[in-house]
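Along the sequence shown, residues carry numbers from 1.
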Amino acid sequence: SSNRPSLLGDRTHFTFYPSDRRITGGAFPDLSGRSWSATAQITVPTSGASGTLIDDGVRAGGWGLFMVDGRPTFLYKASDNAGALARMAGTEALLPGKHVLMVKVMNDKAGHSARATLQIDGKAVAEAQIPHIIPVLITNNAEIGWSFGSIDGTLPTPFHYGGAIDHVDIDLVGPGK
């Protein structure tokens, strides 16, 4: 956020690995008010899997990339206000094996709303309009591979991913605020 200095400097690419520890706000990039992408390199087991791939926020606001009933699912919630939740998902459960999942959030020119695209193995499978973007730094901690809170209140907690996550990349797109 522009209201405090960042320990991350001017970096625009970040790689995170699964851990049972939360990634604190100072160690996670500030995505507020800018365009960004999250790319998860995962393996789906033969039995299928659900769970959190990456999550940053809580029910009052945040975003996350999940596997729900074997389908990649992206949630983005700017606030607790009605209509502040954007949700998109793949249409089918992923087959067992390695996959690359990406969500790209591109802010409009005014910086008040955004368009999100979900890609599976390089192919766009869903788009959603985000009516309001998160305007300030999320002070909660990010998690890779699990979460103890549900952004939309529908996902179980804790929500551990039952497959393997190699890593998750966060890329800041375009100029900062």
* Asked: Got a sec, which residues hit salt bridge (Lys or Arg N to Asp or Glu O under 4.0 Å) with D166, two or more places apart in sequence or on another chain?
  -> none
Rounded distance (nearest 0.5 Å) linking atom [atom1] of [X] with atom [atom2] of [Y]:
X: M102; Y: L118; atom1: CE; atom2: CG; answer: 10.5 Å
X: I165; Y: T52; atom1: CD1; atom2: OG1; answer: 8.5 Å
X: S147; Y: L155; atom1: OG; atom2: CG; answer: 7.0 Å

* **Reference residue W63; test side-chain contact (heavy atoms from CB on, under 4.5 Å); the match among D55, L75, L31** => L31
* Who are the side chain to side chain donor-acceptor pair (under 3.5 Å) partners of E92, not counting sequence neighbours? -> none
* Would you find more than 12 non-hydrogen atoms of other residues, nucleotides or ligands less than 6.0 Å from H99 atom NE2? ->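 More than 12 heavy atoms, drawn from other residues, nucleotides or ligands, come within 6.0 Å of this atom.
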Any sub-3.5 Å donor-acceptor pair from [X]'s side-chain atoms to [Y]'s backbone N or O?
X: T117; Y: R115; value: no
X: S19; Y: R21; value: yes
X: R22; Y: E143; value: no
X: D56; Y: G62; value: no

* Begin with the C-alpha distance, continue with both residues' side-chain angles, and end with the deciding distance and a verdict on salt bridge (Lys or Arg N to Asp or Glu O under 4.0 Å) for R87 and D152. => CA-CA 9 Å; R87 180 186 186 108; D152 69 349; 2.7 Å; yes
* Can you say whether the rings of W146 and H160 are parallel (under 30°), tilted (30 to 60°) or perpendicular (over 60°)? -> parallel
* Smallest separation among heavy atoms of S113 and I133, with atom names -> C-CG2, 3.7 Å
* Excluding sequence neighbours, so at least two apart, what forms ring pair (Phe, Tyr, Trp, His ring centres under 6.0 Å) with F16? ->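 Once residues adjacent in sequence are excluded, the partners of F16 under the ring pair (Phe, Tyr, Trp, His ring centres under 6.0 Å) criterion are F28.
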* **Donor-acceptor pair between D169 and T39 side chains, under 3.5 angstrom** => no
* To do: For S35 and N107, test the side chains for any donor-to-acceptor distance below 3.5 angstrom and give the result as yes or no.
  => no
